[in-house]
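Everything quoted here is computed from the prediction, not taken from an experiment.
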Amino acid sequence: MADSKREFPNFQRLRGRSLAFRLASLVVFGLMLIGFVFWFIIRVEVNAGEILVLVNKTGKTTPDSLVAEWGDQVVLYPGLVHAIAAKTGESESDIPTDFKGIRLDVLTEGRYFPNPYSVSAIKLSATVIGQNEVGVLVRKFGKPLAFPQTVATSPDERGPVEEILRPGRYNVNLLAYEVHKFPAMKIAEGHAGVVTLLSGREPKAKNTFTVEPGEKGVQHETLGPGLEYYNPYLKHIDLVDVRSQKFDLLKSEAIQFPSNDSFTITIEGTIEWAIRPDRVAEVTVAYGDAEDILNKIILPNVRGIARIQGSKLQAREFISGKTRAAFQERLLAELERECWQQGVDIKSALVRDIQPPHEIAALISYREQADQEIERSTNEMSEAKSEAKLVEQRELQERNKAIGDARRNVVTMTKDAEQRRGVSVTEAKREFEVSKLNLEAASKEASALLSRGKADADVVLFNYQARAEPLGHAVKAFGDGVTYAQQFFLQRVAPSITTVLSNTDGPFAQIFKQLQSMERPNAPKGGQ
């Protein structure tokens, strides 16, 4: 007993350790199990190009009073949430998770762990609208559309949504919406798009072909060339060719009418026309396509006008080129006016051939040829007269030109003579003034020369007087000029004589003899 008591505590300790280990193992296993469930069962991976829609499997149901008013709704959209909150008094933020139904908002790419007991997670592909496509959302929830409305214009209406989806990617909840794809409308060059609104305001003006913008019916404004993205539930677009069209009035389509003299005339021609750009919608609604326009507007008008204008002329007048041209001008003018008022623009109306009756065609042709010959002769005479008048006018012009040239020459010569006379007078005046100045200068120069000559003469006279006065005193001192001359001579010669010449017969001695024998004519007698 003592041994068993001593071993019991050890047994208790071992037993306690085993229980703790088991509990720890259970906790670890439980955590691993929870992780496995969350990762491999509950985890939802939303890849690129996918969306996740959550559906509440458990929770409260929509009140019966709302079901009676709104119908059986399975999508928890904002209008229904607001109505439930108003009815039950619950918070609008809690209703999308507390009530059964499809949640309207979607989850995009990522990792999520929704509760598999209360929520079903459904992966869907994102909606892609391709190039040259248009998408239209069709709402599966909400109130039914009121007649005759074709699109949903408010968030709580069921049916096609007014707004469109252009090319691109959209995260659309395909449990709450359907996406209908349509090709975009390509309006080529030379065409216009006539728009008909299938839903809109009621037109104010009744019984009209077109309505105001926003009103239900055919719109007055049309669409130009290009790619048009539109909602087929809201709009209908008709392509209308607004290019020029040609129609040949040949054979069975040729126009026949009686002339003024009761002969049947057949006319073949070509008409070029187009719809007026400002009345495309109106003409399309009122008359139809191009064939309808041709049969309802153009052909009745052209046949009626041709008959009215053609019945004013006789059969023979349709062969003449001038009459045909006048008929074609009247036909085009009347056709343009009538068709323009009905929304059609007539570009041209060409008469290609006019066929008179066979029984009178030859006679009319001969008469017409004679008339043409007479007209040709008359035209030649008129041309000859015109040529003669032209020659006369040319000669008259030449004569007038010669007279004009002569007058211009006379005027030119007169002006030249007057200019030369003026120049000569001016030059003569200038030379006269120059001569006067030269005369004055010569007079002044002569006076200066006279004064200078008189002064020079006075100087010479004074010089001679100064030289003659001492000479006169010297002659007076010697008694006469001869004596003074002898004395002057001797004074000049004596210093130069160095020897006495012994020969008295030589020429030099003769000089002295002559001096000795010379008489003094002014010497006084008696030695005075």
Greater than 12 external heavy atoms within 6.0 Å of [X]'s [atom1]:
| X | atom1 | answer |
| --- | --- | --- |
| Lys454 | NZ | no |
| Lys186 | NZ | no |
| Glu427 | CD | yes |
| Glu189 | CD | no |
| Glu392 | CD | no |

Give, for atom [atom1] of [X] and atom [atom2] of [Y], the distance between the pair rounded to the nearest 0.5 Å.
| X | Y | atom1 | atom2 | result |
| --- | --- | --- | --- | --- |
| Asp238 | Thr222 | CG | OG1 | 12.0 Å |
| Arg307 | Ser259 | CZ | OG | 14.0 Å |
| Asp156 | Leu80 | CG | CG | 10.5 Å |
| Ile255 | Leu249 | CD1 | CG | 5.0 Å |
| Thr150 | Leu197 | OG1 | CG | 9.0 Å |
| Gln256 | Glu268 | CD | CD | 10.0 Å |

If we only count heavy atoms from C-beta on, is the [X] to [Y] side-chain gap below 4.5 Å?
| X | Y | answer |
| --- | --- | --- |
| Ser382 | Lys385 | no |
| Pro232 | Val136 | yes |
| Val134 | Ile129 | no |
| Ile275 | Trp273 | yes |
| Ile293 | Val283 | yes |
| Leu223 | Ile237 | yes |
| Ile297 | Cys339 | yes |
| His220 | Val211 | no |

Mutual orientation of the aromatic rings belonging to Phe141 and Tyr177 [parallel < 30°, tilted 30-60°, perpendicular > 60°]: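 Correct class here is perpendicular.
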
Checking [X] side chain against [Y] main chain: does a donor-acceptor pair fall under 3.5 Å?
| X | Y | value |
| --- | --- | --- |
| Arg352 | Gly269 | no |
| Lys140 | Leu174 | yes |
| Thr208 | Thr210 | yes |
| Lys123 | Glu45 | yes |

Please test Leu175 against Val75 for side-chain contact (heavy atoms from CB on, under 4.5 Å), starting from the C-alpha separation and ending with a verdict. CA-CA 8 Å; Leu175 299 182; Val75 179; over 6 Å; no

Residue pair [X] / [Y]: nearest heavy atoms and the distance that separates them:
| X | Y | answer |
| --- | --- | --- |
| Glu92 | Ala85 | CG-CB, 3.5 Å |
| Leu335 | Ala349 | CD2-CB, 4.2 Å |
| Leu52 | Ala121 | CD1-CB, 3.8 Å |
| Phe209 | Val218 | O-CB, 3.7 Å |
| Phe257 | Ile267 | CE2-CD1, 3.2 Å |
| Ala254 | Thr266 | CB-CG2, 3.9 Å |

Looking at [X] and [Y], does any basic side-chain N land under 4.0 Å from a carboxylate oxygen?
| X | Y | answer |
| --- | --- | --- |
| Lys246 | Asp248 | no |
| Arg243 | Asp241 | yes |
| Arg279 | Glu282 | yes |
| Lys216 | Glu202 | yes |
| Glu253 | Arg303 | yes |
| Glu334 | Arg337 | yes |

Less than 3.5 Å apart, any donor N or O on the side chain of [X] or [Y] sitting next to an acceptor on the other?
| X | Y | result |
| --- | --- | --- |
| Glu178 | His180 | yes |
| Glu212 | Gln219 | no |
| Asn231 | Glu163 | no |

The test is side-chain contact (heavy atoms from CB on, under 4.5 Å); show your working for Leu299 and Phe247 and say whether it passes. CA-CA 10 Å; Leu299 293 182; Phe247 182 75; 3.6 Å; yes

Test salt bridge (charged side-chain N to carboxylate O under 4.0 Å, His left out) applied to Glu157 and Arg139, step by step: CA-CA 8 Å; Glu157 289 182 335; Arg139 191 178 291 139; 5.9 Å; no

Under the salt bridge (charged side-chain N to carboxylate O under 4.0 Å, His left out) rule, what do Arg169 and Glu109 come out as? Steps first, then yes or no, please. CA-CA 13 Å; Arg169 173 191 161 172; Glu109 293 89 340; 2.9 Å; yes

Test salt bridge (charged side-chain N to carboxylate O under 4.0 Å, His left out) on Lys401 and Glu395 and set out the steps. CA-CA 9 Å; Lys401 181 180 178 182; Glu395 293 296 332; over 6 Å; no

Test side-chain contact (heavy atoms from CB on, under 4.5 Å) applied to Asn260 and Lys312, step by step: CA-CA 6 Å; Asn260 192 24; Lys312 299 178 182 180; over 6 Å; no

Would you check, one step at a time, whether the test side-chain contact (heavy atoms from CB on, under 4.5 Å) holds for Gln342 with Tyr287? CA-CA 10 Å; Gln342 294 177 277; Tyr287 301 103; 3.5 Å; yes

